[in-house]
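Read the structure below first, then the notes.
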Number of protein chains: 2
Amino acid sequence: MLDFKKLELNPSEPVYLQIVSFVKRQIFIGTVEQGESLPSRREMAALLKINPNTVQKAFRLLEEEGIVVTPPNAVSIIHWDEEIYAAIQKELTAGLVVDFVAQAKANELTLDMVMALLKDEWEKGDER
Amino acid sequence: MLDFKKLELNPSEPVYLQIVSFVKRQIFIGTVEQGESLPSRREMAALLKINPNTVQKAFRLLEEEGIVVTPPNAVSIIHWDEEIYAAIQKELTAGLVVDFVAQAKANELTLDMVMALLKDEWEKGDER
DNA sequence: AAAAGTGTATTATTGCTATGATACACTTAA
DNA sequence: TTAAGTGTATCATAGCAATAATACACTTTT
């Protein structure tokens, strides 16, 4: 179930994008079910202490990507098909990697170097 | 030797940052020598077809990081010590990785998944 | 019927950042 | 001495993107 109380807003990134990412991540991780309904624009705005229009902007984006469906005069609903899920998955996995590799190559790093750095950094986080 | 003709400006990222990155990358890669002098603000502006103030902004940033030294009324000179070099190196290698790992973890990917994706993406580029 | 709740469209505001224009002080070379 | 070349500081401009204010049409509930 979507729990927007867990969404901690970061002041340096646009709020509406953070909402979009949050929803996608929850779908990808598997904490959301098909047909689950979202809070109303105003409810959510109150919860996050932001302007309803900011919520609307996020929801609209999600709607354009097919992740959200909004019946007339009713609350939005989460919905996805295989294709959409694949797109989300790609964005959250391979998509990440593409940018990263591009930068690493621009700096003339080798695959081995990058793998080593990556492993280090990954495990560094685990220890703590 | 620094060759700014090789710097292709990308309209979507701030020009002054591109200049800064370019210089750092050249130092890291090893195509620049200590004491090498940079073109004057105006020269470089003419070369890149931008405003001299934009060049100035880039050079000032580099100066603040200690990568550039500017004697009074003279052209700027490239200079670095061990500490600075280490910082550049870090930014261009480990620094990259830190952000990447943070995002990957936010998406609940595993190290194995990421390594596999990374290898794929890396080699995909090599084939072409 | 009225009130409160939906989403939505339009417009305004704000703030930030990149870039540009201009003028100044100084040095060097002609 | 004058002209052209340095860097630099200050201010202006422009553009964009995020957010906010407001009003509207429609349902549902009381």
Side-chain angles (χ1 to χ4, degrees), chain A residues 1-2 4 7-24 32 34-80 99, chain B residues 1-2 4 7-24 32 34-80 99:
Chain A
M1 190 213 166
L2 275 173
F4 287 97
L7 170 51
E8 294 183 8
L9 293 180
N10 168 359
S12 68
E13 196 190 349
V15 171
Y16 75 97
L17 287 182
Q18 293 182 56
I19 296 172
V20 169
S21 303
F22 180 81
V23 172
K24 287 183 184 173
V32 192
Q34 288 275 6
E36 194 173 317
S37 61
L38 291 139
S40 82
R41 275 58 166 168
R42 290 171 179 85
E43 255 184 73
M44 185 150 163
L47 178 64
L48 298 177
K49 291 169 188 160
I50 59 180
N51 190 286
N53 279 318
T54 303
V55 180
Q56 166 64 3
K57 187 163 184 180
F59 282 24
R60 192 182 171 191
L61 252 173
L62 288 166
E63 188 134 22
E64 281 168 1
E65 299 194 39
I67 299 173
V68 139
V69 164
T70 313
N73 303 305
V75 149
S76 296
I77 285 170
I78 296 278
H79 182 72
W80 69 85
D99 293 348
Chain B
M1 190 211 166
L2 276 172
F4 287 97
L7 171 49
E8 294 183 9
L9 294 179
N10 168 358
S12 68
E13 195 189 349
V15 170
Y16 75 98
L17 286 182
Q18 294 182 57
I19 295 172
V20 170
S21 302
F22 180 79
V23 172
K24 287 183 185 172
V32 192
Q34 289 276 5
E36 195 174 315
S37 61
L38 290 139
S40 83
R41 275 57 167 170
R42 291 172 177 87
E43 257 184 71
M44 184 148 165
L47 180 65
L48 299 177
K49 291 170 187 159
I50 59 179
N51 190 287
N53 279 320
T54 304
V55 180
Q56 166 65 2
K57 188 164 183 179
F59 282 23
R60 192 182 172 191
L61 253 174
L62 289 167
E63 188 135 23
E64 280 168 3
E65 298 194 40
I67 299 174
V68 140
V69 163
T70 312
N73 302 307
V75 149
S76 295
I77 284 170
I78 297 279
H79 181 72
W80 69 85
D99 293 348

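Below, all heavy atoms of this structure are taken into account, side chains as well, without hydrogens, waters or symmetry copies. Only a predicted model underlies this, so the values are computations on that prediction, with no experimental measurement involved. Chain letters run A, B, ... following the sequence lines, proteins first and then strands; every chain starts at 1.
Under the side chain to side chain donor-acceptor pair (under 3.5 Å) criterion, A:Thr70 pairs with A:Glu63, A:Ser76, sequence neighbours left out. Partners of B:Glu36 under the salt bridge (charged side-chain N to carboxylate O under 4.0 Å, His left out) rule, at least two apart in sequence or in another chain, do not exist in this structure.
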Donor-acceptor list for residues 52-60 of chain A side chains, cut-off 3.5 Å, not counting sequence neighbours:
residue : atom : partner : partner atom : Å
A:Gln56 : OE1  : A:Arg41 : NE           : 2.9
A:Gln56 : OE1  : A:Arg41 : NH2          : 3.3

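Between A:Trp80 and A:Val69, the closest side-chain pair of non-hydrogen atoms is not below 4.5 Å. In this structure, A:Ile19 and A:Leu48 have side chains that are in contact, with non-hydrogen atoms separated by less than 4.5 Å. B:Met1 places none of its side-chain heavy atoms less than 4.5 Å from the side chain of B:Val32. Using a 4.5 Å heavy-atom threshold, the side chains of B:Lys24 and B:Glu65 count as touching. Side-chain contact between B:Tyr16 and B:Ile50 is absent, with no heavy-atom pair separated by less than 4.5 Å. Looking only at side-chain heavy atoms (C-beta outward), A:Ile77 and A:Leu38 stay at 4.5 Å or farther from each other.
In this model, the phosphate group of C:dT19 is not approached by any side-chain N or O of B:Lys57 to a distance below 4.0 Å at OP1 or OP2. The phosphate of C:dT19 (OP1 or OP2) has no side-chain N or O of B:Tyr16 nearer than 4.0 angstrom.
Among A:Val15, A:Leu61, A:Val68, A:Ile67, the single residue meeting the side chain to side chain contact (heavy atoms under 4.5 Å, CB included) criterion with A:Val20 is A:Leu61.
Annotation: proximity of residues 40-56 of chain B to DNA chain C (heavy atom, distance under 4.0 Å) is found for B:Asn51, B:Asn53, B:Thr54, numbered in ascending order. Within residues 70-79 of chain A, the residues that have a heavy atom under 4.0 Å from DNA chain C are, in order of number, A:Thr70, A:Asn73, A:Ala74, A:Val75.
Along DNA chain D, the stretch of nucleotides lying under 4.0 Å from any heavy atom of chain B spans, 5' to 3', D:dT6 to D:dA9.
As rounded to whole Å, 11 Å separates atom P of C:dT8 from atom CD of A:Glu64.
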